[in-house]
Amino acid sequence: MSEQKAPEPQDLPTGFQLLEIDPEFRADPYPRLADLQARCPVRHDPVLESVVVTGYENVRGVVNDRSLWRNPARGNPRALFSRVSEGSGDQPLSILFMDDPDHARVRGPLTQAFYKRAAKMKPQTETIVDEVLDSLSGRTSFDIIADYGVPVPILVIAAVLGIEKARLREFREWSEGIILSLNALRTPEQDQQLMVAAQALDAFFAEAMAERRTRPRDDLITDMVQLQAAGAQLSDQEVSVNLQSLLVGGNLTTTDLIGNGVRAFLTHPEQLAALKADPKLIAMAVEEILRWDPPITMTSRIASCPMEVGGEAVSEKEAMITVLRAANRDPAVYEAPDQFDITRKHVPHMAFGGGAHICIGAPLARMEGQVALWKLFERFPNLKLADQTLTYRALPGFRGLESLIVEP
């Protein structure tokens with residue numbers, strides 16, 4: 001007699017209970033994810049119509065598998081993240097959703113130019129951070145998100161791209177619109193906000209690229225048009241949409257890294273004391289923030305052929321949602337995973353994904369996080385949280401506070 005598979009527990013968290021639109025999950029997702037990981041680490045979710053993967057080894061295996069697809073349009077159209085849309089009509093996908101060979105063709109020159117720029121940005125980032133901190137001096141309280149976490153990253157990515165300071169407010173608004181492309185549960189009003197932002201950014205980058213061809217500047221837009229001129233096989237639209245992705249990823253998620261990091265330290269004073277006693281711990285501290293409470297909470301892949309993940313059969317074209325923050329707290333990999341410990345023995349976290357699609361902005365985000373957090377606590381050594389109720393944004397796939405009021 002053949003052995004039958006044990007029936008799946010009936011009370012597993014599922015569907016929208018695993019997304020930020022659920023208020024309880026949004027406030028504290030980790031107990032629910034730990035329960036799912038412990039009892040069913042690879043699960044065919046009937047509501048999301050996707051395979052939800054929460055264990056570290058399986059998440060790492062999926063995101064590092066270069067044979068899998070990233071473009072949601074290649075998967076089951078009923079899966080939740082097939083509704084994520086980016087680009088329309090003749091507009092190309094960004095490298096976020098491109099598959100090879102186009103992904104390698106576009107990402108190669110973009111990475112070459114962006115990493116060269118990012119590697120030179122620390123002195124300018126330190127100046128930017130100092131100037132923003134100067135503007136906060138003398139205040140009895142301020143919002144870490146609006147007053148610090150928002151301006152620092154957008155000033156940094158604007159410097160990389162060569163965007164004038166006078167336009168930064170509208171660029172932040174456009175970024176808020178464009179990131180809705182990653183929200184599979186958009187409302188009609190958000191669809192309109194996304195369309196307006198996309199059109200505005202398309203127009204800006206088309207004009208900027210044309211101008212850089214006749215009047216080069218010391219910025220990434222110039223780098224990209226010069227790579228085109230040198231033979232890189234990139235269309236203007238491909239350059240534009242990927243610079244837009246850098247703009248969005250370069251400020252919104254880094255805002256959340258800073259906000260989540262400040263909250264982590266101010267709710268764990270012993271860890272802040274350890275950092276102050278040994279400033280060299282700042283690099284490890286940022287890695288622990290990314291593990292413990294990452295800004296990007298999940299990513300997805302599409303099975304390019306029938307396969308198995310953690311002993312579960314996955315069909316061709318079936319979507320897999322890899323829950324990065326669940327993997328980052330897997331007790332099979334991390335000792336006391338729910339503890340925030342900046343001296344923790346290093347095990348690579350999954351906050352930036354992996355494989356061919358590992359986050360292109362990771363080096364810049366790490367550096368910004370280190371500079372912004374250390375200089376904040378150096379400038380305001382007695383910083384404390386104000387009395388408040390913390391609220392996280394209801395954007396699926398992202399973990400970020402709406403505000404975080406502190407008192408110097």
Side-chain angles (χ1 to χ4, degrees), residues 7-55 58-59 62-63 70 72-73 75-86 96-97 176-177 179-194 252-253 256 260 293-303 309-310 312 314-315 317-330 338 350-351 353 389-402:
E8 182 181 278
Q10 296 302 303
D11 58 345
L12 288 170
T14 188
F16 297 146
Q17 294 175 324
L18 298 173
L19 298 176
E20 282 74 9
I21 58 172
D22 180 284
E24 182 180 345
F25 184 78
R26 185 163 69 246
D28 186 5
Y30 295 104
R32 204 172 282 180
L33 290 172
D35 176 42
L36 181 61
Q37 185 183 74
R39 294 195 290 149
C40 198
V42 179
R43 187 194 183 211
H44 293 263
D45 190 297
V47 177
L48 302 179
E49 297 209 36
S50 303
V51 178
V52 178
V53 187
T54 52
N58 289 323
V59 166
V62 169
V63 300
R70 187 71 179 95
N76 172 9
R78 297 184 303 278
L80 175 70
F81 284 94
S82 70
R83 302 169 207 163
V84 170
S85 67
E86 194 195 58
L96 187 62
F97 292 117
E176 293 281 3
I179 206 166
L180 292 172
S181 67
L182 303 180
N183 183 358
L185 303 173
R186 289 191 307 275
T187 64
E189 291 76 17
Q190 289 172 325
D191 278 331
Q192 178 66 21
Q193 184 183 353
L194 168 59
L252 297 179
T253 54
D256 294 338
N260 295 353
D293 207 16
I296 303 293
T297 66
M298 62 180 70
T299 187
S300 62
R301 296 290 190 272
I302 309 294
V309 176
E312 292 291 322
V314 178
S315 304
K317 297 190 176 182
E318 193 164 11
M320 290 171 280
I321 298 172
T322 54
V323 187
L324 305 175
R325 62 180 168 194
N328 284 349
R329 294 201 185 194
D330 188 339
D338 293 330
M350 301 307 303
T389 299
L390 297 181
T391 303
Y392 286 85
R393 290 200 317 270
L395 182 59
F398 295 84
R399 172 80 167 168
L401 288 158
E402 291 185 354

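Every heavy atom of this structure was used, including side-chain atoms; hydrogens, water molecules and symmetry mates were not. Model, not experiment: these values are computed from the prediction.
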Could you tell me whether the side chain of [X] and the main chain of [Y] form a donor-acceptor pair under 3.5 Å?
{"X": "Thr299", "Y": "Gly353", "value": "no"}
{"X": "Gln190", "Y": "Thr187", "value": "yes"}
{"X": "Glu20", "Y": "Gly397", "value": "yes"}
{"X": "Asn58", "Y": "Val309", "value": "no"}

Partners of [X] by side-chain contact (heavy atoms from CB on, under 4.5 Å), sequence neighbours excluded?
{"X": "Ala326", "value": "Leu33, Gln37, Thr54, Val323"}
{"X": "Met298", "value": "Leu19, Phe81, Ile321"}
{"X": "Glu318", "value": "His44, Val51, Val314, Ser315"}
{"X": "Asp45", "value": "Thr14, Leu18, Arg43, Val47, Leu48, Val52"}

4.5 Å side-chain heavy-atom contact, [X] and [Y]:
{"X": "Thr297", "Y": "Leu324", "value": "no"}
{"X": "Asp22", "Y": "Phe16", "value": "no"}
{"X": "Arg301", "Y": "Val62", "value": "yes"}
{"X": "Pro41", "Y": "Leu36", "value": "no"}
{"X": "Tyr392", "Y": "Asn260", "value": "yes"}
{"X": "Phe97", "Y": "Pro72", "value": "yes"}

Please name the pair of heavy atoms, one in [X] and one in [Y], separated by the smallest distance, quoted to 0.1 Å.
{"X": "Asn328", "Y": "Pro294", "result": "ND2-CG, 3.9 Å"}
{"X": "Gly177", "Y": "Leu194", "result": "O-CD1, 3.5 Å"}
{"X": "Ala394", "Y": "Ile21", "result": "O-CG2, 4.3 Å"}
{"X": "Ala79", "Y": "Ser50", "result": "CB-OG, 3.6 Å"}
{"X": "Met320", "Y": "Ala303", "result": "CE-N, 3.8 Å"}

Under the salt bridge (charged side-chain N to carboxylate O under 4.0 Å, His left out) test, residues paired with [X] that sit two or more places apart:
{"X": "Arg26", "value": "none"}
{"X": "Glu24", "value": "Arg32"}
{"X": "Arg399", "value": "Asp293"}
{"X": "Asp256", "value": "Arg393"}

If you round to the nearest 0.5 Å, how far is OG1 of Thr391 from CG of Leu401?
8.0 Å
Got a second to check how far Asp35's CG is from Leu12's CG, nearest 0.5 Å?
6.5 Å
Does [X] have any side chain to side chain donor-acceptor pair (under 3.5 Å) partners at least two apart in sequence or in another chain, and if so, which?
{"X": "Gln193", "value": "none"}
{"X": "Glu176", "value": "Arg172"}
{"X": "Ser300", "value": "Arg70"}

